[in-house]
Amino acid sequence: MLSSFEEVSRVFGDKGMRIAVNTIRRIAQRFASRSKIAQRLETVMVTDSLEQRRVVVSSDGGRLRIRKNKRGRRPEKGRRRYHTFSFM
């Protein structure tokens, strides 16, 4: 939910846990590589115990913008104009 590793480090620092930016980056990279492997295997294998831990997983689907050509004649330069429609 935060925009940078530095911001994550500051938030953890405000809560009394000092975690270096490189440690946060390494955790994120390891999680991503495990997720890719699990996606290939189509099963989620967790080898570490999550007992007494708080785990947060989030995903951002982003936005999709569709172009639809405008009606009417093209301008003198020959470019076709368009409208955009946003889907979430």
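Predicted, not measured: the structure shown is a model, and the values here were computed from it.
- With sequence neighbours left out, Asn22 forms a side chain to side chain donor-acceptor pair (under 3.5 Å) with Arg25.
- Arg79 is linked by a side-chain contact (heavy atoms from CB on, under 4.5 Å) to Lys77, Arg81, counting only residues two or more places apart in sequence or in another chain.
- Ile27 contributes atom CD1, which lies 8.5 Å from atom CZ of Arg30 (distance to the nearest 0.5 angstrom).
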Which pairs of donor and acceptor atoms, one on a side chain in residues 6-15, lie under 3.5 Å apart (sequence neighbours left out)?
| residue | atom | partner | partner atom | Å |
| --- | --- | --- | --- | --- |
| Glu7 | OE1 | Ser3 | N | 3.3 |
| Glu7 | OE1 | Ser3 | OG | 2.7 |
| Ser9 | OG | Ile19 | O | 2.8 |

